Protein chains: 2
Amino acid sequence: MSKHNISLKDIARKLGVSIPTVSRALNNKPDIGKETKRKVIELAKALNYEPNQFAINFKNQQSYIIGVIIPKIVHHFFSNVISGIITEAEKSGYSVMLFQSNESYESELKSTQTFKRSMIDGLIISLSDNTHNVDHLKNLQDHKIPVVLIDKVTDMMEASKIVCNDYKGAYDATQHLISLGKRNIAHITGARKPTTTKERYRGYKDALIANGLPVKEGLIKYCDLISEDKGYYEMKNLISQDDRPDGIFCATDPTAIGAINAIKDSGLQIPKDIAVIGFSNWNMAYIIDPPLSSVKQPDYEMGEKASALIIEEIQNIRNEQPITFKTHVMETSLIIRESTVGKKDLNSRDVLNYKIIE
Amino acid sequence: MSKHNISLKDIARKLGVSIPTVSRALNNKPDIGKETKRKVIELAKALNYEPNQFAINFKNQQSYIIGVIIPKIVHHFFSNVISGIITEAEKSGYSVMLFQSNESYESELKSTQTFKRSMIDGLIISLSDNTHNVDHLKNLQDHKIPVVLIDKVTDMMEASKIVCNDYKGAYDATQHLISLGKRNIAHITGARKPTTTKERYRGYKDALIANGLPVKEGLIKYCDLISEDKGYYEMKNLISQDDRPDGIFCATDPTAIGAINAIKDSGLQIPKDIAVIGFSNWNMAYIIDPPLSSVKQPDYEMGEKASALIIEEIQNIRNEQPITFKTHVMETSLIIRESTVGKKDLNSRDVLNYKIIE
DNA sequence: ATGAAAGCGCTAACAG
DNA sequence: CTGTTAGCGCTTTCAT
């Protein structure tokens, strides 16, 4: 254990040169004698010199840290997003600081406070469902810290946004059911507030309309708390109705899994009597029996894109370039499994694999 | 957008006092006039003063950042660990910087470099399976940056370690099968290198021995690549053997799920013909049919503990207190579902719920 | 090609 | 009670 980390000063003293000279030598600056440079570099290596990043960050007022706030880490979609963010950030030498809001506005606010300590260079955030005020984010922007919104976005502020095409994904899922001959298609929504839920609902409705099918309020179940139990319960309700559906599009996979269990428990066949399709393509989607068809979101790619964007904005701000806000819409893909097409169209052990449309 | 963030100097100038005076007023130091203090605070608020953390961190040579390196974020166990780490860290005002090694030693090494930029105060790491040299971690320790190992630990260095009692978890799982009357119990291991795998193997073996059962090499399948497919394949092998097992303990849930599918595809009954128990209690464990019994690791709690420990060590180092390394062994719990006890012992819709032993 | 000086924003030590 | 001085480690002028 050395008494203290060695600094430019130490090297300068031992070599009898000035501190700036050492700095120049070590940073490949011009205006430095070849021989001096060699000696400096040699000694630096011998002493195992490591620049003090606190000093450098202080000087540059820059941390190379990107803050990320998401509602929940233990979550298939978000953990993939994070993975994409980190991988992309590392390529440019940025590090990622992670916070979770647990869908609480207060917690989100507190996080913004906590990481002021670390002076993040930029923030990527997926808003909590309970955030109805974004002053804390505008405040960051005022301090020249760019903000990129991802997935759970808002119109309350101007910023670059990354979303996936929930509308088209839902439309495709519903169209898929219709193409299979289903005519009475139900829908279980996600939490009421997020725009994602509304978009999925809109896609469902428009697909029905485009195919000349009626939109029946009785076949739509609103579902604030997302869980298998809730999906099970609502599906049971739907089954007991006079107007029983022959297909269902669930806005989330957990509710779809509950729906599958409800259908099986009722002695009905999937997909013959009722076909089921979910949204998100959770890792458990292919585990359930029958394997669940679902809409896959480009989670990892959304994270990558967010990272690239925020870094671009950070650098533009630093170079006093104007930044223009863009909204990136990324496309989903249909993952078709037995819960919609049955076993006949899939190879026997294909259960674990994908068949991807578009 | 203000031209520049306002500093103590700005306040001092406007008030005609010195900079340290302003500092004292704002930091509740003694030796400050009541009236001066009031005026300073008032102006600071009016100007929306925010201390420059770069300067503070520089001065203190402290970042309040904990680095975390784990093999994979998109992973039920690790995402829970991370969640625990972050939650606990926030309580003490620390932020968490996250890296994933993707089970690559090089990537792990590169992360250690990258976050030198951010000068983390301490590191929590779960080693990649391919890490056989920990000089990069010892190097951190030499720089007075404490390191806490979690789950994937090593004997190659001295440090505090957090592990779960894989041995006992495996022992309990095997004992559970034996208690159900199973006498010919197979085992599918996890990746060969991690100590966790060896411990689970040891627990399996010792439980057999303690019950006077033979340990048969033919019933043990080594499995470097963990996947459903691999579990399916090995289970098929086991079934086709003359000495067919009547129970199986899988060191990971994915292989257990593959095993379940293999047993079902072979027309055998679970658990009557072959009972199955896994390890980790992944979220898909209760989705599979029949729901999978498994050993639950205290993932979130391990993260919490790691956070608390690293912060303690950081503070001890800062106060020049000696730090003593401890190894914390945290206990697992058995989650019993239908794959071992069948439907009879569980209520019908209990499928989604737990029955926890000890 | 090198050194001297200054400053980033803050705090601690010392002096009145 | 308050101001002066000094320094954290580094980089960027500006002289020489």
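Here is how names work: the chains are called A, B, and so on, in the same order as the sequence lines, proteins then strands, and each is numbered from 1. These figures come from a predicted structure and were not determined experimentally. We use all heavy atoms of the structure for the numbers below, so side chains are in, but hydrogens, waters and symmetry mates are not.
- Computed from C1' positions of five pairs at each end, the angle between the two local axes of the helix from C:dA1-D:dT16 to C:dG16-D:dC1 equals 50°, rounded to 10 degrees.
- How far CG of A:Asp299 is from CG of A:Asn80: 4.0 Å, rounded to the nearest 0.5 Å.
- Summarising the geometry, the separation between CG on A:Asn57 and P on D:dT11 is reported as 11 Å, rounded to the nearest angstrom.
- Within the 4.5 Å cutoff, no side-chain heavy atoms of A:Val96 are placed close to those of A:Ile65.
- Proximity of B:Ile70 to B:Ser101: side-chain heavy atoms (C-beta onward) are nowhere separated by under 4.5 Å.
- Within the model, atoms CZ of A:Arg38 and NZ of A:Lys34 stand 10.0 Å from one another, a figure rounded to the nearest 0.5 Å.
- With sequence neighbours excluded, the residues forming a ring pair (Phe, Tyr, Trp, His ring centres under 6.0 Å) with B:His75 are B:Phe78, B:Trp282, listed by chain and number.
- Residue B:Thr21 places none of its side-chain N or O atoms closer than 4.0 Å to OP1 or OP2 of D:dT2.
- In this structure, A:Thr36 reaches the C:dT2 phosphate: one of its side-chain N or O atoms is under 4.0 Å from OP1 or OP2.
- Looking at A:Glu313 and A:Ser160, their side chains do bring a donor and an acceptor atom within 3.5 Å of each other.
- How far OG1 of B:Thr114 is from NZ of A:Lys91: 13.5 Å, rounded to the nearest 0.5 Å.
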What string of B, S and - do you get for nucleotides 6-16 of chain C 5' to 3' if you count protein non-hydrogen atoms under 4.0 Å?
-BBBBBBB---
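- A:Phe58 and B:Phe58 have their aromatic ring centers within a separation under 6.0 angstrom.
- The distance between atom CG of A:Asn28 and atom C1' of D:dT11, rounded to the nearest whole Å, is 15 Å.
- Residue B:Lys34 contributes atom NZ, which lies 13 Å from atom P of D:dT2 at whole-angstrom precision.
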